[in-house]
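In what follows, chains carry the letters A, B, and so on, assigned in the order in which the sequence lines appear, proteins first and then strands, with residues in each chain numbered from 1.
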Protein chains: 2
Amino acid sequence: MKNSDTKTKILDVAEKLFAETGIHATSIRQIVKEAGVNVASLHYHFGSKEAVIHEIITRRLRPINEAKEKHLDEIEEASAGKPPELEAVLRAFIEPHIHMHKVAGDKVKIIMKLMVQVEDEAEKLKLLHDPAMMTVFNRYISTLQSILPHLSSSEVLWRFKFMIGSMHAIMLQHPMPPDSPFKNEKENTEDIINHVITFLKAGFLAPASTNSSVE
Amino acid sequence: MKNSDTKTKILDVAEKLFAETGIHATSIRQIVKEAGVNVASLHYHFGSKEAVIHEIITRRLRPINEAKEKHLDEIEEASAGKPPELEAVLRAFIEPHIHMHKVAGDKVKIIMKLMVQVEDEAEKLKLLHDPAMMTVFNRYISTLQSILPHLSSSEVLWRFKFMIGSMHAIMLQHPMPPDSPFKNEKENTEDIINHVITFLKAGFLAPASTNSSVE
DNA sequence: ATATAATTCAAACATATGTTTAAATCAAGT
DNA sequence: ACTTGATTTAAACATATGTTTGAATTATAT
């Protein structure tokens, strides 16, 4: 079927160009040229450039969310009613991202950037409010709360956000300047996961922060 | 002096519009219209739209970096040769950001987004490699390493990056959907700082993560 | 008051953009 | 072979974009 051939070719090329040049700096003409298809063909299949962006993001995010959900299912089943291990929950949440990062390489970088940019754009694409994604988020937050009952729900949510921020830090690969004495050696995926899990586990297990307003 | 009047007016309006509509979705015609100045006046003062973006970012980032540097100077002086307290170092790094967040409000949001977007754009603006900023970064990393000598320099750098990611999480204010049962109550600045400091302190104090490569 | 420089302005420039049109080509079923 | 619907194509469309021009205006200093 030529149909899906053209569609996936457009998505693949667009994703690559977005990652290289940036989303707005990439025109649909560049995309169709490198993909070897006609400009009207893109509109025929997707309807608009925005729809292409949307599809690129969801295509990557969907399997991540499914993996996250599946992992949490397994963990909950294994722990049989009792709150599961914190580390297991953190790994379940983080590994799908890092794994995708490993498979898709720098393309993931643009996904994260796209999400930031998309949030920027008057929220025309409400990907971040995607119900499937939010359902998974809420499940994880609930589980974390059950593991850490002494923390207020607000504090659990903050720590959850810090976790996402840390993951972004990994995937965006904030650059250090070439002349900086501090560099990350080339580490394998497992090492990076260990780094972040160690850091986050300690962070989540920290005692409740003092509240300035009460007393 | 009219000069600085027009310049700052352009910067103020541009910053506001970028924050509302996004950087690429905002044209210089919108900017000059709302600022009440002529389109050529913008080019006269700044030379290009890119230069405006650059100036908006540096204008906000400069005082933050200066505060960070000043705080670290004070801490080092007070500790007199010995490694300073971890919490003091973390507060010195984070408070200037949060404080600016308090003063500039949602405008800060766009600064963070701008930095992500700018990094996107073929790195024409190399703000993230700004020497002043990197010097401060390196000083903080060195100080953290001296406090945590048992950690490899690579692990210190990772935790430093996780800290930046957590700060981004605060400033970008990752939205939760309106119907989510999990929300952050309206908390004051001090509470948020306490949340993140508690989290980060525990994370930095975590033992070294196990390395998968050496046995 | 006059000369010089800085600034503002309306208008035009050049072009890159996302999108649409309508004809041509291809695929599949009868 | 013929018909129908899906797909691809070249070309045109409409317009929004950042930028530049050159004259007009304003500020500054002699």
- request: Give every residue pair that meets the salt bridge (charged side-chain N to carboxylate O under 4.0 Å, His left out) criterion with at least one member in residues 30-45 of chain A, sequence neighbours excluded.
  value: A:K16-A:E34
- prompt: Does C:dT17 have OP1 or OP2 sitting under 4.0 Å from an N or O in the side chain of A:H24?
  reply: no
- prompt: When the distance from CG of B:L42 to C1' of C:dC9 is rounded to whole Å, what number comes out?
  reply: 14 Å
Interatomic distance, A:F46 CZ vs C:dG18 P [rounded to whole Å]: 15 Å
query: In whole angstrom, what separates B:I28's CD1 from D:dG18's C1'?
result: 5 Å
Donor-acceptor contacts, no H, no angles, side chain residues 61-72 of chain A, under 3.5 Å, sequence neighbours left out:
residue : atom : partner : partner atom : Å
A:K68   : NZ   : A:H97   : NE2          : 2.9
A:E69   : OE2  : A:R139  : NH1          : 3.4
A:H71   : ND1  : A:A92   : O            : 3.4

Side-chain ion pair, B:E55 and B:K7, N-O less than 4.0 Å: no
task: Grab the CZ-P distance between B:R29 and D:dG18 for me, whole Å please.
output: 7 Å
message: Output the rounded distance in Å from OH (B:Y44) to C1' (C:dT8).
response: 9 Å
message: Less than 4.0 angstrom between a side-chain N/O of A:S48 and OP1 or OP2 of C:dG18, yes or no?
response: no
- prompt: With sequence neighbours left out, what residues match B:F46 under ring pair (Phe, Tyr, Trp, His ring centres under 6.0 Å)?
  reply: none
field: Residues forming a side chain to side chain contact (heavy atoms under 4.5 Å, CB included) with A:S209, sequence neighbours excluded
entry: A:E155, B:N194, B:H195, B:T198
- line: When rounded to whole Å, the NE2 to C1' distance for the pair A:H43 and D:dA12 reads 14 Å
- request: Check ring pair (Phe, Tyr, Trp, His ring centres under 6.0 Å) between A:F204 and all other residues, then give those that pass, not counting sequence neighbours.
  value: B:F199
- prompt: Looking across every strand, which nucleic acid part, if any, lies under 4.0 Å from A:S27 by heavy atom: base, sugar-phosphate, or nothing?
  reply: sugar-phosphate
Strand contacts (DNA chain D) in residues 30-40 of chain B, 4.0 angstrom heavy-atom criterion: B:V39, B:A40
- request: Please report, rounded to the nearest Å, how far the C1' atom of C:dG18 is from the NZ atom of A:K49.
  value: 8 Å
- request: Ignoring backbone atoms, establish whether A:S41 has a side-chain N or O less than 4.0 Å from OP1 or OP2 of D:dT9.
  value: no
query: Between A:K9 (NZ) and D:dT8 (P), how many Å, whole number?
result: 12 Å
field: Heavy-atom closest pair, residues B:M167 and B:I94
entry: SD-CG1, 3.5 Å
